[in-house]
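Notes for the one structure printed next.
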Protein chains: 2
Amino acid sequence: MPDTADPAPMTVRRKFRREGEERRRQDLIEATLDCVAEYGLQGATLRTIALRAGVTAGLIRHYFPGKEELLQEAYTALVGRMTEQAKAALVMEEASPRQRLAAFVTANLNAPIIDQRVFSLWATFIGRASADPTLARAHREGYLGFRNEVEAVVAEVLAAEQRKPDASQLRRHAIAINAIIDGLWIEGCLAGEMFSPGELAAIGIKAVEAELGLAPLEPEISGRIGLKSESGSKSKR
Amino acid sequence: MPDTADPAPMTVRRKFRREGEERRRQDLIEATLDCVAEYGLQGATLRTIALRAGVTAGLIRHYFPGKEELLQEAYTALVGRMTEQAKAALVMEEASPRQRLAAFVTANLNAPIIDQRVFSLWATFIGRASADPTLARAHREGYLGFRNEVEAVVAEVLAAEQRKPDASQLRRHAIAINAIIDGLWIEGCLAGEMFSPGELAAIGIKAVEAELGLAPLEPEISGRIGLKSESGSKSKR
DNA sequence: AGGCTATTTATACACTTGCGCAACAAGGCT
DNA sequence: AGCCTTGTTGCGCAAGTGTATAAATAGCCT
(Lines give C-alpha, C1' and ligand atoms only; values in the text may rest on other atoms or scores of the structure.)
Protein backbone atom coordinates (compact mmCIF):
# COMPACT_ATOMS: atom_id res chain seq x y z
CA MET A 1 0.00 0.00 0.00
CA PRO A 2 1.77 3.11 -1.15
CA ASP A 3 0.55 5.70 1.28
CA THR A 4 3.67 7.74 0.64
CA ALA A 5 3.71 10.34 -2.07
CA ASP A 6 0.04 10.98 -1.51
CA PRO A 7 -1.13 14.09 -3.29
CA ALA A 8 -4.57 13.95 -1.63
CA PRO A 9 -4.86 15.59 1.79
CA MET A 10 -5.13 13.37 4.83
CA THR A 11 -8.68 14.45 5.51
CA VAL A 12 -10.72 15.59 2.58
CA ARG A 13 -12.52 18.83 3.08
CA ARG A 14 -16.25 18.64 2.89
CA LYS A 15 -17.89 19.64 -0.36
CA PHE A 16 -20.46 22.38 -0.14
CA ARG A 17 -22.75 24.58 -2.17
CA ARG A 18 -23.30 28.30 -1.77
CA GLU A 19 -26.94 29.01 -1.15
CA GLY A 20 -28.74 32.31 -1.30
CA GLU A 21 -28.83 34.17 1.96
CA GLU A 22 -32.60 33.98 2.40
CA ARG A 23 -32.66 30.32 1.59
CA ARG A 24 -29.93 29.50 4.10
CA ARG A 25 -31.56 31.49 6.87
CA GLN A 26 -34.85 29.75 6.19
CA ASP A 27 -33.21 26.34 6.26
CA LEU A 28 -31.45 27.12 9.50
CA ILE A 29 -34.65 28.33 11.11
CA GLU A 30 -36.48 25.23 9.96
CA ALA A 31 -33.72 22.99 11.28
CA THR A 32 -33.87 24.86 14.56
CA LEU A 33 -37.59 24.26 14.89
CA ASP A 34 -37.11 20.60 14.06
CA CYS A 35 -34.47 20.20 16.73
CA VAL A 36 -36.44 22.09 19.38
CA ALA A 37 -39.51 20.00 18.68
CA GLU A 38 -37.58 16.76 18.86
CA TYR A 39 -35.01 17.38 21.55
CA GLY A 40 -36.21 20.48 23.36
CA LEU A 41 -34.29 23.67 23.93
CA GLN A 42 -31.52 21.83 25.71
CA GLY A 43 -31.10 19.36 22.88
CA ALA A 44 -31.17 21.99 20.17
CA THR A 45 -27.44 22.63 20.06
CA LEU A 46 -25.69 24.51 17.32
CA ARG A 47 -24.06 21.31 16.12
CA THR A 48 -27.35 19.40 16.03
CA ILE A 49 -29.07 22.22 14.22
CA ALA A 50 -26.26 22.50 11.71
CA LEU A 51 -26.30 18.75 11.14
CA ARG A 52 -30.02 18.87 10.44
CA ALA A 53 -29.58 21.78 8.07
CA GLY A 54 -26.79 20.00 6.25
CA VAL A 55 -24.08 22.51 7.12
CA THR A 56 -21.42 22.82 9.79
CA ALA A 57 -21.93 24.60 13.07
CA GLY A 58 -19.65 27.52 12.33
CA LEU A 59 -21.87 28.70 9.51
CA ILE A 60 -24.65 29.64 11.88
CA ARG A 61 -22.58 32.47 13.25
CA HIS A 62 -22.38 33.83 9.75
CA TYR A 63 -26.14 34.36 9.64
CA PHE A 64 -27.05 34.94 13.28
CA PRO A 65 -25.22 36.87 15.99
CA GLY A 66 -25.67 33.97 18.39
CA LYS A 67 -27.80 31.06 19.36
CA GLU A 68 -30.30 33.19 21.23
CA GLU A 69 -31.11 35.30 18.23
CA LEU A 70 -31.57 32.19 16.11
CA LEU A 71 -34.05 30.81 18.60
CA GLN A 72 -35.92 34.09 18.77
CA GLU A 73 -36.20 34.33 15.01
CA ALA A 74 -37.34 30.73 14.88
CA TYR A 75 -40.08 31.41 17.38
CA THR A 76 -41.16 34.53 15.57
CA ALA A 77 -41.38 32.55 12.36
CA LEU A 78 -43.41 29.87 14.11
CA VAL A 79 -45.89 32.32 15.58
CA GLY A 80 -46.26 34.05 12.26
CA ARG A 81 -46.94 30.80 10.48
CA MET A 82 -49.47 29.70 13.08
CA THR A 83 -51.53 32.86 13.05
CA GLU A 84 -51.31 33.05 9.30
CA GLN A 85 -52.73 29.56 8.90
CA ALA A 86 -55.40 30.24 11.49
CA LYS A 87 -56.58 33.40 9.83
CA ALA A 88 -56.48 31.89 6.37
CA ALA A 89 -59.77 30.16 7.12
CA LEU A 90 -61.47 33.53 7.43
CA VAL A 91 -61.00 34.72 3.89
CA MET A 92 -64.10 33.10 2.48
CA GLU A 93 -65.66 36.01 0.72
CA GLU A 94 -69.15 34.92 -0.13
CA ALA A 95 -69.88 32.90 2.99
CA SER A 96 -72.17 34.11 5.74
CA PRO A 97 -70.54 35.36 8.95
CA ARG A 98 -71.76 32.34 10.78
CA GLN A 99 -70.30 29.99 8.21
CA ARG A 100 -67.01 31.80 8.37
CA LEU A 101 -66.96 31.50 12.15
CA ALA A 102 -67.67 27.78 11.91
CA ALA A 103 -65.00 27.37 9.26
CA PHE A 104 -62.57 29.27 11.46
CA VAL A 105 -63.22 26.96 14.40
CA THR A 106 -63.00 23.90 12.19
CA ALA A 107 -59.75 24.98 10.61
CA ASN A 108 -58.18 25.56 14.01
CA LEU A 109 -59.21 22.14 15.27
CA ASN A 110 -57.89 20.01 12.46
CA ALA A 111 -54.56 19.35 10.84
CA PRO A 112 -52.28 21.07 10.17
CA ILE A 113 -52.97 23.32 13.14
CA ILE A 114 -53.70 20.41 15.43
CA ASP A 115 -50.24 18.94 15.36
CA GLN A 116 -48.03 17.45 18.00
CA ARG A 117 -44.89 19.02 16.64
CA VAL A 118 -46.35 22.50 16.56
CA PHE A 119 -47.69 22.06 20.05
CA SER A 120 -44.34 20.94 21.39
CA LEU A 121 -42.75 23.99 19.85
CA TRP A 122 -45.42 26.30 21.19
CA ALA A 123 -45.19 24.90 24.70
CA THR A 124 -41.41 24.88 24.76
CA PHE A 125 -41.12 28.49 23.70
CA ILE A 126 -44.06 29.83 25.65
CA GLY A 127 -42.61 28.32 28.78
CA ARG A 128 -39.71 30.71 28.41
CA ALA A 129 -41.79 33.72 27.46
CA SER A 130 -42.21 34.96 31.01
CA ALA A 131 -38.42 35.14 31.35
CA ASP A 132 -37.55 36.31 27.84
CA PRO A 133 -39.13 39.64 26.82
CA THR A 134 -38.41 39.00 23.16
CA LEU A 135 -40.35 35.75 23.19
CA ALA A 136 -43.09 37.38 25.23
CA ARG A 137 -43.48 40.11 22.67
CA ALA A 138 -43.57 37.72 19.75
CA HIS A 139 -46.26 35.75 21.50
CA ARG A 140 -48.38 38.70 22.52
CA GLU A 141 -48.44 40.10 19.03
CA GLY A 142 -49.60 36.83 17.60
CA TYR A 143 -52.15 36.32 20.33
CA LEU A 144 -53.71 39.75 20.08
CA GLY A 145 -53.90 39.46 16.33
CA PHE A 146 -55.69 36.18 16.73
CA ARG A 147 -58.14 37.51 19.30
CA ASN A 148 -58.89 40.57 17.24
CA GLU A 149 -59.80 38.34 14.33
CA VAL A 150 -62.10 36.39 16.59
CA GLU A 151 -63.69 39.57 17.86
CA ALA A 152 -64.24 40.85 14.34
CA VAL A 153 -66.00 37.70 13.19
CA VAL A 154 -68.08 37.57 16.33
CA ALA A 155 -69.19 41.13 15.71
CA GLU A 156 -70.23 40.22 12.17
CA VAL A 157 -72.09 37.16 13.33
CA LEU A 158 -74.02 39.05 15.98
CA ALA A 159 -74.72 41.90 13.60
CA ALA A 160 -76.17 39.43 11.11
CA GLU A 161 -78.43 38.23 13.91
CA GLN A 162 -79.69 41.76 14.53
CA ARG A 163 -77.98 41.92 17.89
CA LYS A 164 -76.06 44.93 19.05
CA PRO A 165 -73.55 43.93 21.68
CA ASP A 166 -71.53 46.63 23.40
CA ALA A 167 -67.76 46.59 23.38
CA SER A 168 -67.39 44.83 26.70
CA GLN A 169 -69.77 42.03 25.74
CA LEU A 170 -67.90 41.63 22.49
CA ARG A 171 -64.65 41.42 24.35
CA ARG A 172 -65.95 38.78 26.72
CA HIS A 173 -67.26 36.69 23.85
CA ALA A 174 -63.93 36.92 22.09
CA ILE A 175 -62.06 35.90 25.23
CA ALA A 176 -64.33 32.95 25.82
CA ILE A 177 -64.25 31.76 22.22
CA ASN A 178 -60.54 32.15 22.10
CA ALA A 179 -60.32 30.03 25.23
CA ILE A 180 -62.55 27.35 23.75
CA ILE A 181 -60.41 27.10 20.65
CA ASP A 182 -57.16 27.13 22.59
CA GLY A 183 -58.36 24.55 25.07
CA LEU A 184 -59.63 22.17 22.43
CA TRP A 185 -56.49 22.72 20.43
CA ILE A 186 -54.40 21.60 23.34
CA GLU A 187 -56.57 18.57 23.99
CA GLY A 188 -56.35 17.59 20.35
CA CYS A 189 -52.60 18.05 20.14
CA LEU A 190 -51.90 16.17 23.35
CA ALA A 191 -54.37 13.34 22.92
CA GLY A 192 -55.52 13.42 19.35
CA GLU A 193 -56.18 9.69 19.28
CA MET A 194 -58.83 10.09 21.96
CA PHE A 195 -61.08 11.95 19.55
CA SER A 196 -62.68 10.81 16.35
CA PRO A 197 -61.99 12.88 13.23
CA GLY A 198 -63.98 16.08 13.26
CA GLU A 199 -65.18 15.51 16.79
CA LEU A 200 -63.20 18.37 18.28
CA ALA A 201 -64.41 20.74 15.59
CA ALA A 202 -68.01 19.69 16.22
CA ILE A 203 -67.61 20.21 19.95
CA GLY A 204 -65.95 23.55 19.34
CA ILE A 205 -68.64 24.83 17.04
CA LYS A 206 -71.36 23.82 19.45
CA ALA A 207 -69.60 25.45 22.36
CA VAL A 208 -69.00 28.66 20.43
CA GLU A 209 -72.60 28.81 19.29
CA ALA A 210 -73.79 28.23 22.83
CA GLU A 211 -71.51 31.01 24.05
CA LEU A 212 -73.01 33.37 21.50
CA GLY A 213 -76.56 32.20 22.14
CA LEU A 214 -77.05 31.06 18.56
CA ALA A 215 -79.72 28.52 17.74
CA PRO A 216 -78.06 25.39 16.39
CA LEU A 217 -78.27 24.77 12.68
CA GLU A 218 -79.69 21.60 11.19
CA PRO A 219 -77.20 18.76 11.62
CA GLU A 220 -77.03 17.98 7.89
CA ILE A 221 -76.27 21.56 7.10
CA SER A 222 -73.75 22.13 9.84
CA GLY A 223 -71.80 19.19 8.49
CA ARG A 224 -70.96 20.72 5.15
CA ILE A 225 -70.11 24.29 5.84
CA GLY A 226 -67.60 24.95 3.19
CA LEU A 227 -64.75 23.10 4.80
CA LYS A 228 -62.44 20.57 3.30
CA SER A 229 -62.29 18.28 6.36
CA GLU A 230 -59.49 16.28 4.83
CA SER A 231 -57.28 14.94 7.58
CA GLY A 232 -53.89 15.52 6.09
CA SER A 233 -51.55 13.30 8.05
CA LYS A 234 -48.55 15.50 8.28
CA SER A 235 -47.52 14.15 11.64
CA LYS A 236 -43.97 13.03 11.82
CA ARG A 237 -42.36 10.04 13.57
CA MET B 1 -0.30 37.30 59.76
CA PRO B 2 1.33 34.00 60.53
CA ASP B 3 0.05 31.70 57.89
CA THR B 4 2.77 29.25 58.69
CA ALA B 5 2.12 26.56 61.22
CA ASP B 6 -1.54 26.85 60.42
CA PRO B 7 -3.56 24.07 61.99
CA ALA B 8 -6.66 25.15 60.09
CA PRO B 9 -6.96 23.79 56.52
CA MET B 10 -6.27 26.14 53.67
CA THR B 11 -9.84 26.01 52.50
CA VAL B 12 -12.37 25.50 55.23
CA ARG B 13 -14.85 22.81 54.53
CA ARG B 14 -18.40 23.94 54.30
CA LYS B 15 -20.56 23.48 57.37
CA PHE B 16 -23.70 21.44 56.84
CA ARG B 17 -26.66 19.94 58.60
CA ARG B 18 -28.07 16.50 58.13
CA GLU B 19 -31.71 16.67 57.14
CA GLY B 20 -34.23 13.91 57.08
CA GLU B 21 -34.44 12.06 53.80
CA GLU B 22 -37.97 13.11 52.96
CA ARG B 23 -37.23 16.71 53.76
CA ARG B 24 -34.14 16.77 51.56
CA ARG B 25 -35.90 15.16 48.65
CA GLN B 26 -38.70 17.66 48.96
CA ASP B 27 -36.29 20.57 49.09
CA LEU B 28 -34.42 19.31 46.05
CA ILE B 29 -37.63 18.89 44.09
CA GLU B 30 -38.77 22.37 45.04
CA ALA B 31 -35.42 23.83 44.06
CA THR B 32 -35.66 21.98 40.76
CA LEU B 33 -39.07 23.46 40.02
CA ASP B 34 -37.79 26.92 40.93
CA CYS B 35 -34.87 26.59 38.56
CA VAL B 36 -36.94 25.19 35.70
CA ALA B 37 -39.47 27.98 36.08
CA GLU B 38 -36.79 30.64 36.13
CA TYR B 39 -34.19 29.34 33.72
CA GLY B 40 -35.92 26.60 31.78
CA LEU B 41 -34.79 23.04 31.40
CA GLN B 42 -31.49 24.08 29.94
CA GLY B 43 -30.76 26.44 32.80
CA ALA B 44 -31.76 23.98 35.47
CA THR B 45 -28.33 22.46 35.97
CA LEU B 46 -27.41 20.27 38.90
CA ARG B 47 -25.18 22.98 40.30
CA THR B 48 -27.87 25.65 40.04
CA ILE B 49 -30.43 23.38 41.64
CA ALA B 50 -28.04 22.47 44.43
CA LEU B 51 -27.22 26.12 45.02
CA ARG B 52 -30.91 26.95 45.30
CA ALA B 53 -31.47 24.07 47.69
CA GLY B 54 -28.53 25.14 49.81
CA VAL B 55 -26.44 22.04 49.22
CA THR B 56 -23.67 21.01 46.86
CA ALA B 57 -24.24 19.32 43.55
CA GLY B 58 -22.88 15.96 44.53
CA LEU B 59 -25.62 15.44 47.07
CA ILE B 60 -28.26 15.17 44.39
CA ARG B 61 -26.85 11.88 43.25
CA HIS B 62 -27.34 10.60 46.77
CA TYR B 63 -31.09 11.03 46.47
CA PHE B 64 -31.73 10.59 42.77
CA PRO B 65 -30.15 8.20 40.28
CA GLY B 66 -29.61 11.03 37.83
CA LYS B 67 -30.85 14.34 36.63
CA GLU B 68 -33.57 12.86 34.49
CA GLU B 69 -35.17 11.09 37.41
CA LEU B 70 -35.09 14.27 39.45
CA LEU B 71 -36.88 16.14 36.71
CA GLN B 72 -39.46 13.42 36.32
CA GLU B 73 -40.18 13.36 40.02
CA ALA B 74 -40.42 17.12 40.04
CA TYR B 75 -42.96 17.09 37.25
CA THR B 76 -44.97 14.35 38.91
CA ALA B 77 -45.04 16.40 42.09
CA LEU B 78 -46.15 19.46 40.14
CA VAL B 79 -48.97 17.67 38.37
CA GLY B 80 -50.12 16.15 41.63
CA ARG B 81 -50.18 19.51 43.34
CA MET B 82 -52.07 21.14 40.47
CA THR B 83 -54.82 18.57 40.25
CA GLU B 84 -55.08 18.42 44.02
CA GLN B 85 -55.65 22.16 44.25
CA ALA B 86 -58.10 22.09 41.39
CA LYS B 87 -60.20 19.34 42.86
CA ALA B 88 -60.12 20.85 46.33
CA ALA B 89 -62.78 23.32 45.24
CA LEU B 90 -65.21 20.47 44.67
CA VAL B 91 -65.46 19.24 48.24
CA MET B 92 -68.23 21.59 49.30
CA GLU B 93 -70.62 19.13 50.83
CA GLU B 94 -73.83 21.05 51.34
CA ALA B 95 -73.69 23.15 48.18
CA SER B 96 -75.87 22.50 45.14
CA PRO B 97 -74.23 20.89 42.11
CA ARG B 98 -74.46 24.10 40.20
CA GLN B 99 -72.81 26.01 43.00
CA ARG B 100 -70.04 23.47 43.15
CA LEU B 101 -69.48 23.72 39.42
CA ALA B 102 -69.28 27.51 39.66
CA ALA B 103 -66.91 27.25 42.59
CA PHE B 104 -64.80 24.81 40.63
CA VAL B 105 -64.53 27.17 37.68
CA THR B 106 -63.81 30.11 39.95
CA ALA B 107 -61.11 28.27 41.84
CA ASN B 108 -59.37 27.27 38.64
CA LEU B 109 -59.39 30.82 37.29
CA ASN B 110 -57.91 32.62 40.27
CA ALA B 111 -54.72 32.45 42.29
CA PRO B 112 -53.02 30.21 43.16
CA ILE B 113 -53.92 28.17 40.12
CA ILE B 114 -53.63 31.14 37.81
CA ASP B 115 -49.94 31.69 38.27
CA GLN B 116 -47.13 32.55 35.90
CA ARG B 117 -44.63 30.28 37.57
CA VAL B 118 -46.91 27.25 37.46
CA PHE B 119 -47.71 27.99 33.85
CA SER B 120 -44.07 28.21 32.90
CA LEU B 121 -43.45 24.89 34.55
CA TRP B 122 -46.44 23.27 32.92
CA ALA B 123 -45.50 24.53 29.46
CA THR B 124 -41.85 23.62 29.81
CA PHE B 125 -42.57 20.06 30.85
CA ILE B 126 -45.52 19.46 28.58
CA GLY B 127 -43.41 20.52 25.66
CA ARG B 128 -41.24 17.49 26.28
CA ALA B 129 -44.11 15.12 26.98
CA SER B 130 -44.41 13.94 23.40
CA ALA B 131 -40.78 12.83 23.47
CA ASP B 132 -40.60 11.52 27.04
CA PRO B 133 -43.06 8.72 27.85
CA THR B 134 -42.60 9.22 31.58
CA LEU B 135 -43.67 12.85 31.36
CA ALA B 136 -46.48 11.93 29.02
CA ARG B 137 -47.81 9.41 31.50
CA ALA B 138 -47.65 11.81 34.42
CA HIS B 139 -49.55 14.34 32.39
CA ARG B 140 -52.21 12.00 31.12
CA GLU B 141 -53.01 10.70 34.57
CA GLY B 142 -53.47 14.19 35.91
CA TYR B 143 -55.48 15.27 32.91
CA LEU B 144 -57.85 12.34 32.93
CA GLY B 145 -58.41 12.73 36.65
CA PHE B 146 -59.29 16.35 36.08
CA ARG B 147 -61.66 15.64 33.24
CA ASN B 148 -63.38 12.87 35.16
CA GLU B 149 -64.03 15.31 37.97
CA VAL B 150 -65.51 17.73 35.49
CA GLU B 151 -67.68 15.03 34.01
CA ALA B 152 -68.93 13.96 37.44
CA VAL B 153 -69.98 17.47 38.41
CA VAL B 154 -71.60 18.06 35.07
CA ALA B 155 -73.60 14.89 35.52
CA GLU B 156 -74.78 16.08 38.91
CA VAL B 157 -75.70 19.49 37.59
CA LEU B 158 -77.72 18.09 34.73
CA ALA B 159 -79.36 15.53 36.97
CA ALA B 160 -80.43 18.32 39.31
CA GLU B 161 -82.01 20.00 36.30
CA GLN B 162 -84.02 16.88 35.49
CA ARG B 163 -82.01 16.25 32.36
CA LYS B 164 -80.78 12.85 31.40
CA PRO B 165 -77.83 13.16 29.05
CA ASP B 166 -76.38 10.03 27.52
CA ALA B 167 -72.75 9.15 27.96
CA SER B 168 -71.57 10.72 24.73
CA GLN B 169 -73.29 14.03 25.47
CA LEU B 170 -71.76 14.00 28.91
CA ARG B 171 -68.35 13.37 27.44
CA ARG B 172 -68.68 16.21 24.96
CA HIS B 173 -69.75 18.60 27.68
CA ALA B 174 -66.81 17.58 29.82
CA ILE B 175 -64.40 18.05 26.93
CA ALA B 176 -65.80 21.47 26.12
CA ILE B 177 -65.83 22.66 29.72
CA ASN B 178 -62.35 21.37 30.24
CA ALA B 179 -61.28 23.32 27.20
CA ILE B 180 -62.94 26.48 28.46
CA ILE B 181 -61.16 26.25 31.79
CA ASP B 182 -57.82 25.39 30.21
CA GLY B 183 -58.05 28.14 27.65
CA LEU B 184 -58.99 30.81 30.15
CA TRP B 185 -56.33 29.51 32.51
CA ILE B 186 -53.71 30.06 29.85
CA GLU B 187 -54.96 33.51 29.01
CA GLY B 188 -54.91 34.46 32.66
CA CYS B 189 -51.45 33.08 33.27
CA LEU B 190 -49.96 34.69 30.20
CA ALA B 191 -51.67 38.05 30.38
CA GLY B 192 -53.19 38.31 33.81
CA GLU B 193 -52.93 42.07 33.87
CA MET B 194 -55.28 42.33 30.90
CA PHE B 195 -58.18 41.10 33.02
CA SER B 196 -59.82 42.66 36.04
CA PRO B 197 -60.01 40.52 39.18
CA GLY B 198 -62.70 37.91 38.88
CA GLU B 199 -63.31 38.70 35.24
CA LEU B 200 -61.96 35.43 33.95
CA ALA B 201 -64.00 33.46 36.46
CA ALA B 202 -67.14 35.36 35.43
CA ILE B 203 -66.46 34.70 31.77
CA GLY B 204 -65.75 31.07 32.51
CA ILE B 205 -68.93 30.53 34.49
CA LYS B 206 -71.03 32.15 31.79
CA ALA B 207 -69.40 30.10 29.07
CA VAL B 208 -69.83 26.88 31.02
CA GLU B 209 -73.48 27.62 31.75
CA ALA B 210 -74.06 28.42 28.11
CA GLU B 211 -72.41 25.16 27.10
CA LEU B 212 -74.72 23.26 29.43
CA GLY B 213 -77.77 25.25 28.40
CA LEU B 214 -78.37 26.52 31.92
CA ALA B 215 -80.48 29.61 32.36
CA PRO B 216 -78.38 32.30 33.99
CA LEU B 217 -79.25 33.05 37.59
CA GLU B 218 -80.63 36.43 38.54
CA PRO B 219 -77.73 38.73 39.38
CA GLU B 220 -79.13 39.70 42.81
CA ILE B 221 -80.08 36.17 43.64
CA SER B 222 -77.00 34.54 42.28
CA GLY B 223 -75.08 36.36 44.94
CA ARG B 224 -76.59 34.36 47.76
CA ILE B 225 -76.31 30.86 46.50
CA GLY B 226 -78.77 28.56 48.16
CA LEU B 227 -81.83 28.22 46.02
CA LYS B 228 -82.90 25.69 43.46
CA SER B 229 -84.63 28.16 41.11
CA GLU B 230 -87.15 25.68 39.75
CA SER B 231 -88.25 27.97 36.93
CA GLY B 232 -89.28 25.87 33.95
CA SER B 233 -88.82 28.80 31.58
CA LYS B 234 -85.37 28.54 30.11
CA SER B 235 -85.76 31.77 28.16
CA LYS B 236 -82.59 33.69 27.74
CA ARG B 237 -81.97 37.44 27.62
C1' DA C 1 -17.57 10.31 75.76
C1' DG C 2 -16.38 8.01 71.86
C1' DG C 3 -17.18 5.37 67.85
C1' DC C 4 -20.07 4.33 63.54
C1' DT C 5 -22.38 5.23 59.76
C1' DA C 6 -24.67 7.49 56.46
C1' DT C 7 -25.15 12.18 54.85
C1' DT C 8 -22.62 15.72 52.80
C1' DT C 9 -18.66 18.03 50.74
C1' DA C 10 -15.07 18.43 47.51
C1' DT C 11 -12.53 17.22 43.65
C1' DA C 12 -11.62 14.84 39.35
C1' DC C 13 -12.93 13.50 34.75
C1' DA C 14 -14.68 12.90 30.23
C1' DC C 15 -17.58 15.17 27.46
C1' DT C 16 -20.39 18.86 25.35
C1' DT C 17 -21.41 23.54 24.68
C1' DG C 18 -21.29 28.25 22.25
C1' DC C 19 -18.08 30.97 20.18
C1' DG C 20 -13.73 32.78 17.70
C1' DC C 21 -10.73 32.46 13.91
C1' DA C 22 -7.92 31.18 9.98
C1' DA C 23 -7.85 28.60 5.95
C1' DC C 24 -10.33 27.13 1.99
C1' DA C 25 -13.03 26.97 -2.21
C1' DA C 26 -17.50 28.02 -4.96
C1' DG C 27 -19.01 30.73 -8.20
C1' DG C 28 -19.69 35.38 -10.20
C1' DC C 29 -16.89 38.94 -12.49
C1' DT C 30 -13.75 40.70 -15.63
C1' DA D 1 -9.02 31.61 -18.05
C1' DG D 2 -7.78 33.73 -13.87
C1' DC D 3 -9.01 36.56 -9.82
C1' DC D 4 -11.70 38.04 -5.81
C1' DT D 5 -15.24 38.07 -2.87
C1' DT D 6 -17.40 35.78 0.71
C1' DG D 7 -20.01 31.76 1.97
C1' DT D 8 -18.31 27.78 4.22
C1' DT D 9 -15.45 24.56 6.58
C1' DG D 10 -12.48 22.81 10.25
C1' DC D 11 -10.40 23.24 14.44
C1' DG D 12 -9.26 25.16 18.84
C1' DC D 13 -10.66 27.04 23.28
C1' DA D 14 -12.57 28.20 27.75
C1' DA D 15 -16.53 27.49 30.30
C1' DG D 16 -19.88 24.46 31.87
C1' DT D 17 -22.21 19.83 31.98
C1' DG D 18 -23.53 15.24 34.39
C1' DT D 19 -21.38 11.66 36.66
C1' DA D 20 -18.05 9.10 39.65
C1' DT D 21 -15.61 8.72 43.88
C1' DA D 22 -12.76 9.70 47.88
C1' DA D 23 -12.53 12.35 51.96
C1' DA D 24 -14.81 14.57 55.96
C1' DT D 25 -18.08 15.28 59.49
C1' DA D 26 -22.76 15.56 61.85
C1' DG D 27 -25.36 13.37 64.90
C1' DC D 28 -27.37 9.04 66.73
C1' DC D 29 -26.39 4.89 69.53
C1' DT D 30 -24.36 2.66 73.20
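Proteins come first, then strands; the chains are lettered A, B, ... in the order of their sequence lines, and each starts at number 1. Keep in mind that what you see is a predicted model, and the values were worked out from it rather than measured.
A cation-pi arrangement is absent between A/Arg128 and A/Tyr75 under the rule of less than 6.0 angstrom and at most 45 degrees off the ring axis.
We find that CZ of A/Phe64 is positioned 13 Å from P of C/dC19, with the value rounded to whole Å. Atoms CG (B/Leu51) and P (C/dT9) sit 12 Å apart, rounded to a whole Å. Whole-Å rounding puts the A/Leu46 CG to C/dT17 C1' distance at 8 Å. The interatomic distance linking A/Tyr39 (OH) with C/dT17 (C1') rounds to 17 Å, in whole Å. Distance A/Arg23 CZ to D/dT8 P: 11 Å, rounded to the nearest Å. Between B/Phe16 atom CZ and D/dA24 atom P the separation is 12 Å, expressed in whole Å. Atom P of nucleotide C/dG18 and atom CG of A/Leu71 are separated by 9 Å, given to the nearest angstrom. If you measure from atom CG of A/Leu28 to atom P of D/dT9, you get 10 Å, rounded to the nearest angstrom.
Of the side-chain N and O atoms in B/Arg14, none sit less than 4.0 angstrom from OP1 or OP2 of D/dA24.
A donor-acceptor contact under 3.5 angstrom links the side-chain atoms of B/Arg47 to the base of D/dG18. Within 3.5 Å, a donor on the side chain of A/Arg13 pairs with an acceptor on the base of D/dT9, or the reverse.
Within the 4.0 angstrom heavy-atom criterion, only backbone atoms of the sugar-phosphate kind lie near A/Tyr63; the bases stay farther away. Base contact: A/Thr56 has a heavy atom under 4.0 Å from a base atom. When heavy atoms are screened at a 4.0 angstrom cut-off, A/Glu19 is found touching the sugar-phosphate backbone but no base atom.
Two residues, A/Val55 and B/Ala44, neighbour DNA chain D, and the one matched to the more 5' nucleotide by heavy-atom proximity is A/Val55. Taking the nucleotide of DNA chain C with the nearest heavy atom to each of B/Ala57 and B/Arg18, the more 5' of the two is matched to B/Arg18.
Within a 6.0 Å radius of NZ in B/Lys206, other residues, nucleotides and ligands contribute 12 heavy atoms or fewer.
Proximity of a side-chain donor or acceptor of B/Trp185 to a complementary backbone N or O of B/Ile113 within less than 3.5 Å is detected. A donor-acceptor pair is defined here as one N or O able to donate and one able to accept, closer than 3.5 Å; no such pair exists between the side chain of A/Gln85 and the backbone of A/Met82.
Closest to the side chain of A/Arg17, from the set C/dT9, C/dG27, D/dT9, is C/dG27. Side-chain atoms of A/His62 lie closest to D/dG7 of the nucleotides D/dA20, D/dG7, C/dA26. Counting only heavy atoms from C-beta on, B/Leu59 has its side chain closest to C/dT7 among D/dT19, C/dA25, C/dT7.
Atom CG in B/Leu78 sits 5.5 Å away from atom CG in B/Leu121 (nearest 0.5 Å).
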